[in-house]
Amino acid sequence: MKPFKIITWNINSVRLRLPLVEQLLDHEAPDVLCLQETKCPDDKFPDAALRKCGYPHIAKFGQKGYHGVATLSRHPFKSSFSRDFCAKGDARHIAVDLSVGPGLRIHNFYVPAGGDEPDPAINPKFEHKLRFVDEMKAWIGGEEAARPAILVGDLNIAPYESDVWSHKQLLKVVSHTPVETEALEAIRETGNWIDTQRHLIPEPEPVFTWWSYRSGNWEVANKGRRLDHIWASQSLSGTIAATRVLKHARGWDRPSDHAPVVTEFTF
DNA sequence: ATGACGGATCTAATCCGA
């Protein structure tokens, strides 16, 4: 049976990198592609070009300049909706219900980055990030974990020691501080979600999905972090067949600083 | 400093990413 393939990718501007998205869809032909940081209002989203690639079903929630998520699919949706985390009105989540298979729900998240200073008392961006993941725990850890579901996205947290190039040097760096990694692990454990990457690639093997634009030679330095995730609800356990990071996409011309992450399921 | 790039925006210098 043909596996069900899902990809998540922080694209860092879908309009600027439309040719890269088309290239990815051509080469990988996923069933579903979830994009984050589309930086594109809904009325400017390149629907027509992406439909032409074989993805007629598009659920998008964008805004001007920042954030933005979109889910493209070969299969029709029964419905889609967004939840307004922290009641800020920003475009950080979209969910779709597929009308094929076991009534699968797919959540696509762009969790706040959190700024520089890992102290909620002096950094409102970090305070927002902690509030966001707290709200995720209440919802994603409860009722939403009980259905067949896949949760993907740029969660902006690298939870485990081998998810960063140096655990010790990043303990006080936003994305790998204990308050963040413990919060993400609490969401996952509360909902009994399966981290599909670590399910098939256990620690201590390093897995990175993001390399900063700022290091001259990202590939040689390899100072990466695993910020992009694909989780599966417990009812999909036993269907998780393969996972990989498409690291070569980080080396494409004018790349995103995130690489796409793929997981395949055999439903 | 890990590090000093890259995107969007009322096209210039500013905010943001993580």
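Lettering follows sequence order; numbering is per chain, from 1. Worth saying up front: this structure is predicted, and the values here are computed from it rather than measured. Side chains included, hydrogens not; waters and symmetry mates left out as well; all remaining heavy atoms used.
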Please give, in whole Å, the distance from [N] [atom2] to [X] [atom1]?
X: A:His167; N: B:dT2; atom1: NE2; atom2: P; value: 15 Å
X: A:His176; N: B:dT2; atom1: NE2; atom2: P; value: 14 Å
X: A:Asn217; N: B:dC5; atom1: CG; atom2: P; value: 14 Å
X: A:Glu117; N: B:dG17; atom1: CD; atom2: P; value: 15 Å
X: A:Tyr66; N: B:dG6; atom1: OH; atom2: P; value: 19 Å
X: A:Asn10; N: B:dG7; atom1: CG; atom2: C1'; value: 11 Å
X: A:His258; N: B:dC16; atom1: NE2; atom2: C1'; value: 13 Å
X: A:Lys223; N: B:dA1; atom1: NZ; atom2: P; value: 11 Å

So, [X] versus [Y]: side-chain donor-acceptor pair below 3.5 Å or not?
X: A:Asn10; Y: A:Glu37; value: yes
X: A:His75; Y: A:Asp31; value: yes
X: A:Ser256; Y: A:Arg17; value: no
X: A:Thr263; Y: A:Gln197; value: no
X: A:Arg254; Y: A:Ser13; value: no

For a quick check of understanding: with a heavy-atom distance under 4.0 Å over all strands, which category does [X] fall into, base, sugar-phosphate or nothing?
X: A:Ser215; value: sugar-phosphate
X: A:Gly65; value: sugar-phosphate
X: A:Asp257; value: nothing
X: A:Leu227; value: sugar-phosphate

Can you check the distance between [N] and [M], where both ends of the measurement are the [atom1] atom (answer in whole Å)?
N: B:dA4; M: B:dC16; atom1: P; answer: 22 Å
N: B:dT14; M: B:dG3; atom1: P; answer: 27 Å
N: B:dA12; M: B:dA8; atom1: C1'; answer: 13 Å
N: B:dA18; M: B:dG6; atom1: P; answer: 15 Å
N: B:dT11; M: B:dC15; atom1: C1'; answer: 15 Å
N: B:dA1; M: B:dG17; atom1: P; answer: 24 Å

Does [N] have OP1 or OP2 sitting under 4.0 Å from an N or O in the side chain of [X]?
X: A:Tyr110; N: B:dA18; answer: yes
X: A:Arg225; N: B:dT2; answer: no
X: A:His67; N: B:dC16; answer: no
X: A:Arg15; N: B:dA8; answer: no
X: A:Asn12; N: B:dG7; answer: no
X: A:Lys125; N: B:dG17; answer: yes

Check: Relative to A:Phe85, does A:Arg83 satisfy both conditions: NZ or CZ under 6.0 angstrom from the six-membered ring centre, and within 45 degrees of the ring's axis?
Finding: yes
The side chain of [X] is closest to which nucleotide in this list: [options]?
X: A:Ser13; options: B:dA18, B:dT2, B:dG7; answer: B:dG7
X: A:Arg17; options: B:dG17, B:dG6, B:dA18; answer: B:dG6
X: A:Tyr213; options: B:dG6, B:dA18, B:dT2; answer: B:dG6

Next item on the list: For the residue pair A:Phe267 and A:Phe4, categorise the inter-ring angle as parallel (less than 30°), tilted (30 to 60°) or perpendicular (more than 60°).
Entry: tilted
Give every pair of a protein N or O atom and an N or O atom of nucleotides 10-14 of chain B that lie under 3.5 Å apart, one pair per line with the distance.
residue, atom, partner, partner atom, Å
B:dC10, OP2, A:Lys64, NZ, 3.1

Note to self: Run the side chain to side chain contact (heavy atoms under 4.5 Å, CB included) test against A:Lys78 and tell me which residues pass, sequence neighbours left out.
What the structure shows: A:Asp97, A:Ser99
Item checked: Residue closer to the 5' end of DNA chain B, A:Lys39 versus A:Lys129 (nearest nucleotide) -> A:Lys39
Next item on the list: Find which nucleotide of DNA chain B each of A:Val14 and A:Val173 is nearest to by heavy atoms, and output the residue with the more 5' nucleotide.
Entry: A:Val173
Notebook entry, point to check: Considering only heavy atoms and no angle criterion, is a donor-acceptor pair shorter than 3.5 Å present between the side chain of A:Arg254 and the base of B:dG7?
Noted result: no
Next item on the list: Report yes if the distance between the aromatic ring centroids of A:His93 and A:Trp139 is under 6.0 Å, otherwise no.
Entry: yes
